[in-house]
Chemist: 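One structure coming up, written as structure tokens, with questions to follow.
When reading the values below, keep in mind they use all heavy atoms of this one structure, side chains included, and skip hydrogens, waters and symmetry mates. Order of appearance sets the numbers: ligands from 1, and atoms from 1 within every ligand.
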Amino acid sequence: MKELWSKRARELTPYVPGEQPRQEQLIKLNTNENPYPPSAMALAAIREAANDTLRLYPDPECRSLREVLAETYGLNTDQIFVGNGSDEVLALCFQAFFDPERTILFPDITYSFYTVYADLYGLKYRQIPLDQHFAVPLAPFLEQNGGVVIANPNAPTGLALSLSGIQAVLEGNPASVVVVDEAYVDFGARSAIELVDRYPNLVVVQTLSKSRALAGLRVGFAFAHQNLIAALNSVKNSFNSYTLDRLALAGAEGALRDRQYLQATAAKICHTRDSTAERLKAMGFQVIDSSANFLFASHPHTAAKTLLDGLRQKGILVRWWDKPRISNYLRITIGTDQEMDALCHALAQLLEQS
Ligand SMILES: *Cc1c(COP(=O)(O)O)cnc(C)c1O
């Protein structure tokens, strides 16, 4: 069947995204989407942008959006790159900063797209084992390497590294690029953006998908020294000049301008997360300390797969991986308080039955 495929296409093992069900009634706690709507300012900006200018190509340099980002994060526009979701930004980072002959490093338990990109671009990688508490150990990231990728907070564990930890990795790797994927940073971790001016080897990647409730708009960013941003632009402009459409550009600006809404919704999610963690612990779950909008939890008496299937039958989707070390864990996205009530009731029933 695959004779007409390129060798590269035949050898790929693509990323498998969490299920996006057609049935609306399901409680969806499986892909770390935000349970609250996007900012009204984002939606108004998108509506306003839906006009006859869609006839024209969008700004390939995304200048206006980069200006708003520069203002929001206290950087210069030449320290900012934007892309079609942070997945695209990460893919461009792998192409712009890593070479096949130099082994890159990332944790063994982390965002599974990293191995997919490394394989796609023919990069060698070493997966550094998390310690027994699922923390990212720093020493192995100081050994010789051709680049480092760290999600902070990490996914799917939710554990965050301190800024001094990130700094140690940056200082130990002056000759390689360190990519810090901050998809969940607004839910409680300290951002490394403040280090961008000091470390020419740092790239911070963020997204509007999680804390800004705009997973459907596909907007992500990279913050780095202008030298690294130039490399990203070079790769991007060898691939697609117009990665962000006019509606996405407008919506992203609207979302970034509404800082109050971000703070209010992120605080609400953190509050729900912490109370849900307590309820799960009271049911006997071991729950990893989360700085993200999800919990990573394991029950000593009931297999995670059993709970996954039982929840699904009750109309609740969560995420589970059949992978070493984490196959007895569920990753549960934080929804509304009502959704978490439903989750806790369902889990209590399933634990009783098992
Ligand atoms: C969700 C997620 C992303 C991707 O986000 P998009 O901007 O929607 O592409 C990147 N990294 C991690 C760790 C994520 O969990």
Chemist: Any nitrogen or oxygen of Y114 lying under 3.5 Å from a nitrogen or oxygen in ligand 1? Just yes or no.
Modeler: no
Chemist: Going by atom types alone, do N152 and D181 pair a side-chain donor with an acceptor below 3.5 Å?
Modeler: no
Chemist: How does E88 reach ligand 1, by side chain, by backbone, by both or by neither, if only non-hydrogen atoms under 4.0 Å count?
Modeler: neither
Chemist: Using distance only, find each side-chain donor-acceptor pair of residues 342-354 under 3.5 Å and give its atom names and separation, not counting sequence neighbours.
Modeler:
residue	atom	partner	partner atom	Å
H345	ND1	D341	O	3.1
Q349	OE1	K314	NZ	2.5
S354	OG	T302	OG1	2.8
S354	OG	L351	O	3.1

Chemist: Determine whether the side chain, the backbone, both or neither of D181 has a heavy atom under 4.0 Å from any heavy atom of ligand 1.
Modeler: side chain
Chemist: Tell me the protein heavy atom at minimum distance from atom 15 (O) of ligand 1, and give that distance in Å.
Modeler: Y184 OH, 2.5 Å
Chemist: Would you mind finding which of S112, P153, S86 brings a heavy atom closest to atom 6 (P) of ligand 1?
Modeler: S86
Chemist: Which of the numbered atoms in ligand 1 are under 4.0 angstrom from any heavy atom belonging to A183?
Modeler: 2 (C), 11 (N), 12 (C), 14 (C)
Chemist: Looking at Q260, I'd like to know if its CD atom is crowded, meaning that more than 12 non-hydrogen atoms belonging to other residues, nucleotides or ligands lie closer than 6.0 Å.
Modeler: no
Chemist: Before giving the answer on side chain to side chain contact (heavy atoms under 4.5 Å, CB included), spell out for C93 and L232 the whole-Å C-alpha distance, their side-chain angles and the decisive distance to 0.1 Å.
Modeler: CA-CA 7 Å; C93 285; L232 286 171; 3.9 Å; yes
Chemist: Is it the case that the side chains of E67 and T77 hold a donor-acceptor pair, with the cut-off being a distance below 3.5 Å and no angle test?
Modeler: no
Chemist: Can you tell me if F113 contacts ligand 1 (heavy atom of the residue under 4.0 Å from the ligand)?
Modeler: no
Chemist: Measure centre to centre between the rings of F294 and Y184, then say whether the value is under 6.0 Å.
Modeler: yes
Chemist: Checking a contact table here: which protein heavy atom is nearest atom 8 (O) of ligand 1, and how many Å away?
Modeler: S209 OG, 2.6 Å
Chemist: Short list, please: which atoms of ligand 1 are under 4.0 Å from a heavy atom of G85?
Modeler: 7 (O), 9 (O)
Chemist: So, D78 and R66, do they make that salt bridge, N to O below 4.0 Å?
Modeler: no
Chemist: To which protein heavy atom is atom 9 (O) of ligand 1 closest, and what is the distance rounded to 0.1 Å?
Modeler: R218 NH2, 2.7 Å
Chemist: Think K210 forms a cation-pi with F187, using NZ or CZ under 6.0 Å from the six-ring centre and within 45 degrees of its axis?
Modeler: no
Chemist: Can you report which non-hydrogen protein atom sits closest to atom 14 (C) of ligand 1, along with the distance?
Modeler: K210 NZ, 3.1 Å
